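Both counts, for ligands and for their atoms, begin at 1 and track the order of listing. These figures come from a predicted structure and were not determined experimentally.
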Amino acid sequence: MIDRYGRPLEDLRITLTHVCNFSCFFCHMEGEGLEQSEVLSPEQIGLVSEVGREFGINSVKLTGGEPTLRRDLINVIRAIKEADVREISMTTNGFLLDRLAVKLKEAGLNRVNISLHAMEEDKFKEITGVDGLRRVIEGIRAAVSAGLRPVKMNFVLTKKNTDQVEKIISFAESVGVDELHLIELHPVGLGKQSFSTHEWLDSIERKLFETSNKIEIREKHFRPRYVLPSGLVVEVVKPYANPIFCAGCNRVRLTVDGKLKTCLYRDDKVVDVRNVLTSSLPLWEKRELLRRAYEIVIAIREPNFKFLSRPLEIR
Ligand SMILES: Nc1nc2c(ncn2[C@@H]2O[C@H](COP(=O)(O)OP(=O)(O)OP(=O)(O)O)[C@@H](O)[C@H]2O)c(=O)[nH]1
Ligand code: SF4
Ligand code: SF4
């Protein structure tokens with residue numbers, strides 16, 4: 001279904017927990033803060049996904065915090081799978097992935113994005129607060145061998161790790177991951193107080209332009225993708241102050257505390273469905289109320305950074 005700005009709703013991004021075993025200095029916390037609340041159950045998450053299918057949701061992204069810290073992660077994946085979505089992916093710090101990759105694949109997870117912001121142990125620890133580089137590397141290898149493909153790596157660029165970009169590209173090529181995402185920092189969550197470390201990706205992108213064999217544009221966020229001679233795809237993610245990025249936004253978020261949140265940056269454009277999910281209403285009535293919630297989501301969604309100051313009139 002299309003919103004007032006002509007953008008389809010296709011992707012549901014679910015925050016499974018606010019808890020994380022890392023403490024990255026720029027964590028955007030999915031725009032939700034760290035407040036603890038009782039998490040939604042696999043069945044409740046499954047129901048939101050199932051009703052979302054009627055409105056065009058065909059992919060689900062699991063995030064956190066760190067989603068692998070949810071003990072019932074396998075059940076969450078199974079419940080979403082039952083909603084018959086085309087693709088389930090998960091963004092993770094990779095620390096626990098070596099022991100989980102095969103089980104997650106078997107449960108129905110299609111692919112992963114693993115964050116890795118430095119190839120040197122000291123730098124890795126400076127950024128994440130954890131001495132975990134080796135385990136993350138093992139996690140990436142496990143994802144590749146379990147076939148959680150395309151396996152993607154996420155690298156957030158800051159002033160602290162500009163010297164790591166080339167090393168990350170070489171590592172990604174050597175380990176057999178399919179894509180590397182180079183991402184600009186957001187002034188959201190801890191990113192607000194650490195935004196002085198923000199770096200634009202422009203000069204790196206110029207080099208990619210010169211060295212790549214092919215350039216593609218992805219429909220999602222209109223992200224440019226540079227295909228290197230090795231076959232590695234480097235996707236450039238410039239989500240900050242970028243109206244083109246927001247024009248291609250196709251997602252809604254489900255927060256830990258059960259709100260449908262229409263934008264990473266916006267706390268005002270949300271629809272609270274927690275009461276519906278936790279009520280003792282019959283299932284058909286919950287479905288009906290969730291349908292109303294999705295209708296409101298589509299009516300209030302808007303790009304955060306935009307070219308136009310008002311929506312188009314759709315006739
Ligand atoms: N502003 C904004 N930034 C986003 C959004 N989605 C992703 N990003 C940025 O991209 C980073 C990586 O996101 P991921 O969850 O790993 O992956 P993804 O963007 O969903 O992309 P795929 O897995 O390739 O589909 C996030 O940390 C954000 O910085 C979004 O909807 N809005
Ligand atoms: S691993 Fe992700 S969720 Fe955890 S602190 Fe780092 S950025 Fe935040
Ligand atoms: S509207 Fe823009 S800032 Fe908001 S979630 Fe979508 S891409 Fe991100």
Side-chain angles (χ1 to χ4, degrees), residues 3 5 7 9-34 58-69 87-97 110-117 124 127-130 132 136 139 148-158 178-191 194 198 201 218-223 225 233 235-253 256 261-267 269-270 300-306:
D3 68 14
Y5 292 79
R7 306 173 312 161
L9 184 68
E10 296 167 326
D11 186 64
L12 176 63
R13 186 174 179 100
I14 303 174
T15 310
L16 291 184
T17 173
H18 284 162
V19 180
C20 188
N21 43 357
F22 283 16
S23 50
C24 305
F25 71 91
F26 50 63
C27 183
H28 61 42
M29 306 159 180
E30 300 294 344
E32 295 178 32
L34 282 178
N58 56 34
S59 61
V60 170
K61 164 76 77 189
L62 305 176
T63 70
E66 175 46 41
T68 59
L69 295 179
E87 180 188 80
I88 309 174
S89 65
M90 179 176 76
T91 297
T92 170
N93 62 31
F95 192 76
L96 298 172
L97 207 53
N110 296 97
R111 63 177 181 86
V112 280
N113 299 47
I114 306 157
S115 306
L116 181 56
H117 315 298
F124 183 96
I127 293 169
T128 63
V130 172
V136 174
L148 286 165
R149 287 188 179 274
V151 177
K152 306 185 183 188
M153 274 169 52
N154 284 355
F155 175 93
V156 175
L157 181 74
T158 64
D178 303 284
E179 294 185 20
L180 170 65
H181 290 189
L182 302 180
I183 302 165
E184 279 177 6
L185 191 65
H186 279 290
V188 174
L190 297 181
S194 55
H198 175 272
L201 276 163
R218 189 171 171 194
E219 226 169 276
K220 183 185 205 169
H221 298 136
F222 302 113
R223 302 176 186 190
R225 292 157 59 83
V233 175
E235 189 168 292
V236 173
V237 185
K238 294 172 162 179
Y240 175 60
N242 184 355
I244 297 174
F245 196 88
C246 294
C249 179
N250 64 352
R251 67 179 25 155
V252 61
R253 295 155 180 273
V256 162
K261 178 172 159 81
T262 60
C263 175
L264 174 69
Y265 281 79
R266 306 285 297 260
D267 286 329
K269 301 261 174 186
V270 297
I300 64 175
R301 275 183 94 220
E302 62 177 75
N304 189 50
F305 302 107
K306 33 183 159 345

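- Between the side chain of N110 and the backbone N or O of I88 there is at least one donor-acceptor pair closer than 3.5 Å.
- Numbered from 1 in the order shown, with element, the atoms of ligand 2 that lie under 4.0 Å from a heavy atom of N93 read 1 (S).
- Closest to atom 28 (C) of ligand 1, if we only count protein heavy atoms, is H186 NE2, 3.4 Å.
- With a 4.0 Å cut-off on non-hydrogen atoms, R253 touches ligand 1 through its side chain and not its backbone.
- Judged as a side-chain contact (heavy atoms from CB on, under 4.5 Å), and not counting sequence neighbours, the contacts of N304 are C246, C263, Y265, R266.
- Within ligand 3, the atoms closer than 4.0 Å to a non-hydrogen atom of F245 are 7 (S), numbered from 1 in the order shown.
- Looking at K220 against ligand 1, only its side chain comes within 4.0 Å, counting heavy atoms.
- For atom 11 (C) of ligand 1, the closest non-hydrogen atom of the protein is I183 CD1, 3.6 Å.
- V136 is not listed as a side-chain neighbour of N93, based on a closest heavy-atom distance of 4.5 Å or more.
- The part of H221 lying near ligand 3 is the side chain, judged by heavy-atom distances below 4.0 Å.
- Among protein heavy atoms, the minimum distance from atom 4 (Fe) of ligand 3 is reached at C263 SG, 2.3 Å.
- Among protein heavy atoms, atom 6 (Fe) of ligand 2 sits closest to C24 SG, 2.3 Å.
- Donor-acceptor pairing under 3.5 Å is recorded for the side chains of T92 and E66.
- When each of K220, E10, K261 is paired with R251, the side-chain contact (heavy atoms from CB on, under 4.5 Å) condition holds for K220 and for no other.
- Each of the following atoms of ligand 1 lies closer than 4.0 Å to a heavy atom of H221: 5 (C), 6 (N), 30 (C), 31 (O).
- A side-chain donor-acceptor contact under 3.5 Å links T262 to the backbone of K269.
- Contact atoms of ligand 3 toward L264: 4 (Fe), 5 (S) (distance under 4.0 Å to a heavy atom of the residue).
- Per-residue contacts place V237 under 4.0 angstrom from the following atoms of ligand 1 (heavy atoms of the residue considered): 10 (O).
- You'll find the side chain of D3 stays beyond 4.5 Å of the side chain of E302, heavy atoms only.
- If you number the atoms of ligand 2 from 1 as listed, the ones under 4.0 Å from a heavy atom of C20 come out as 1 (S), 3 (S), 4 (Fe), 5 (S).
- Ligand 1 is never approached by K238 to a heavy-atom distance shorter than 4.0 Å.
- For E32 (side chain) and V256 (main-chain N/O), a donor-acceptor pair under 3.5 Å exists by modelled atom type.
- Scanning the protein heavy atoms around atom 16 (O) of ligand 1, the nearest turns out to be N154 ND2, 2.5 Å.
- Between F245 and Y240, the distance from one ring center to the other does not fall under 6.0 angstrom.
- Judged purely by atom type and a 3.5 angstrom limit, H181 has no side-chain atom pairing as donor or acceptor with the backbone of E235.
- By the criterion of a heavy-atom distance under 4.0 Å, the side chain of R223, and not its backbone, is placed next to ligand 1.
- Checked by distance only, ligand 1 and S89 stay at 3.5 Å or farther apart across all their nitrogen or oxygen atoms.
- Listed by number with element, the atoms of ligand 1 under 4.0 angstrom from any heavy atom of R218 are 22 (P), 24 (O), 25 (O).
- The shortest separation from a heavy atom of Y240 to ligand 1 is not under 4.0 Å, leaving the residue out of contact.
- Contact of the F22 side chain with the V130 side chain is registered, since non-hydrogen atoms from C-beta on lie closer than 4.5 Å.
- The nearest protein atom to atom 8 (Fe) of ligand 2, hydrogens excluded, is given as C27 SG, 2.4 Å; this is a heavy-atom distance.
- The closest approach between G65 and ligand 2 falls below 4.0 Å for a heavy atom of the residue.
- The contact set between ligand 3 and Y265, taken as ligand atoms under 4.0 Å from a residue heavy atom, comprises 3 (S).
- When only non-hydrogen protein atoms are considered, atom 14 (P) of ligand 1 lies nearest to T91 OG1, 3.4 Å.
- In summary, the atoms of ligand 3 found under 4.0 Å from a heavy atom of N304, numbered by their order in the structure, are 1 (S), 3 (S), 4 (Fe).
- Contact annotation: the side chain of L69 approaches that of N21 to within less than 4.5 Å [non-hydrogen atoms, C-beta and beyond].
- Ranking protein heavy atoms by distance to atom 7 (C) of ligand 1, first place goes to R251 NH1, 3.3 Å.
- T63 is listed as a side-chain neighbour of R13, based on a closest heavy-atom distance under 4.5 Å.
- For atom 17 (O) of ligand 1, the closest non-hydrogen atom of the protein is N113 ND2, 3.4 Å.
- The distance from ligand 1 to the heavy atoms of R13 drops below 4.0 Å at these ligand atoms: 6 (N), 13 (O), 14 (P), 15 (O), 20 (O).
- With ligand atoms numbered from 1 in the order given, ligand 1 contributes 1 (N), 2 (C) to contacts under 4.0 Å with heavy atoms of L264.
- Between K61 and ligand 1, an N or O atom pair is found at a separation short of 3.5 Å.
- Ionic pairing of D178 and R149 is present here: one or more N-O contacts between side-chain nitrogen and carboxylate oxygen are shorter than 4.0 angstrom.
- Between T91 and K61, some side-chain heavy-atom pair lies under the 4.5 Å cut-off.
- Distance check: H117 NE2 to N154 CG gives 7.5 Å after rounding to the nearest 0.5 Å.
- Every N/O-N/O distance between Y265 and ligand 1 stays at or above 3.5 Å.
- For atom 27 (O) of ligand 1, the nearest non-hydrogen atom of the protein is H28 NE2, 2.9 Å.
- Of the protein's heavy atoms, K152 NZ, 2.6 Å lies nearest to atom 24 (O) of ligand 1.
- Open room surrounds CD1 on I244; 12 or fewer heavy atoms of other groups in view lie less than 6.0 Å from it.
- Taking distance alone, with nitrogen or oxygen atoms compared against 3.5 Å, R111 approaches ligand 1 more closely than that limit.
- The closest side-chain heavy-atom distance from E184 to H198 is below 4.5 Å.
- For atom 2 (Fe) of ligand 2, no protein non-hydrogen atom is found at a distance below 4.0 Å.
- Proximity of a side-chain donor or acceptor of R301 to a complementary backbone N or O of C249 within less than 3.5 Å is detected.
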